[in-house]
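The block underneath contains the structure these notes are about, expressed in structure tokens.
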Amino acid sequence: MSLSPKITLISADPSRLDPAAVDQLEASARYEGIERVVGLPDLHVGAGIAVGAAFWSPDRVWPHLVGGDIGCGIGLWELSSPVRKFRLGSVERKLYGLDEAWSGDTLAAVAGFGLPPNLAGLALGTIGGGNHFVEFQRIEEVVDGERFDALGLQADRVWMMVHSGSRGLGQAVLQAHRTEPAGAGMLAAGPAGQAYLTEHDQALAWAVLNRRIIAQRFREAIGAEARPVLDICHNCVTPHLGGWLHRKGAAPADRGLVAIPGSRGDFSYLVEPIADSADQALCSLAHGAGRKWSRSDAHARLSARFRIADLQRTALGSHVICEDRRLIYEEAPQAYKDIRRVVADLEHAGLVRVIAQLRPLLSYKTRATS
DNA sequence: ATGTGC
């Protein structure tokens, strides 16, 4: 069976991609008004829509091609703390109270982002669940030293990666604007499209603010200063080449530096997109390693083989704070693809240049017990 | 994914 001509798969070996995820791409490519679809090397099955994909239309938008976690993305900060002074046990003892509501001024925070006061909810400044996390890292290897130095980055500092999104807000926006059937979508210029895009843009801004507050809470907890390196959203729809580009678990290649996290037990990569060849991939990049096993498979297979304590340390020696007994299995490194292959596929396609490799020190998921 | 559905 041949692939729809609308679809491009970014992979050195497309036969390795999950056929079920490619079927989901095919289904989306059949929507009237979709002209191009890209599957990235971290492509995997999602709830109706493949994750690790980009979709372009000249005139229509589909709320469910973005999904419920509008604005979800990765923020990266360079901390003032030198790696040589980073003590795992000491840091772990400071990371308490971070699942609870933020004690700061949420009204002032949303106002500062041009958002209405009704969006100053209790979830603002919290990570959430699923694959969201905060991770302390150190530079394992500077691959492009010239570029690393030119960016003013420092290899001897602790770095902090935040993966979170718009929590309940994006979900509410999807709920309010989803079309029936989902594949119908709406004209971007029409009243329904404009109403969706307005609320979508608010959820996007809220997610950026959320990551910023999370970063502030965590760096305050460990007593460090933080310098922003990047903030990249991988679930959104934005104007592109006179039309509309939907990214569902896809990082932008036209907004500067990108961080691509591996699983919690693997390296992350700081990369620079290469503009010349970006169009083949709809100006998009992999957003992470991508799931290899479903959540239920991961739990079934790994809970039979490992104790919780086995999963609180990773093969790279990093620690994991996840007191949710189901989530720690669902998010185990074994459930994810090999990030090295994902990044190699992006390099092979001429989409990125690796600047640095980051090693996990401590991954924070949740203190909430289950 | 979800200030979570029965």
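Order of the sequence lines sets the chain letters (A, B, ...), proteins ahead of strands, with each chain counted from 1. Because the structure is a prediction, the values reported are computed rather than measured.
Within 4.0 Å of Gly128(A), counting heavy atoms only, lie sugar-phosphate atoms of the nucleic acid but no base atom.
Each of Lys248(A), His132(A), Arg167(A) was compared with Asp69(A) under the side chain to side chain contact (heavy atoms under 4.5 Å, CB included) criterion, and only His132(A) meets it.
Connectivity analysis of hydrophobic side chains (ILVMFWY, heavy atoms under 4.5 Å, direct or indirect) links Leu327(A) to nothing; its cluster partners are none. With side-chain heavy atoms closer than 4.5 Å counting as contact, directly or through intermediates, the hydrophobic cluster containing Leu302(A) also holds Trp293(A), Phe306(A), Ile308(A), Leu311(A), Val320(A), Ile328(A), Tyr329(A).
Atom P of nucleotide dT2(B) and atom CG of Leu124(A) are separated by 13 Å, given to the nearest angstrom.
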Are any protein N/O atoms closer than 3.5 Å to N/O atoms in nucleotides 3-6 of chain B? If there are, list each pair with its distance.
from	atom 1	to	atom 2	distance (Å)
dG3(B)	OP1	Gly168(A)	N	3.1
dG3(B)	OP2	Arg167(A)	NH1	2.8
dG3(B)	OP2	Gly168(A)	N	2.7

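For the pair Arg212(A) and Asp231(A), the salt-bridge criterion is not met [side-chain N within less than 4.0 Å of a carboxylate O]. Between Lys94(A) and Glu92(A) no salt bridge is recorded (no basic side-chain N to carboxylate O distance below 4.0 Å).
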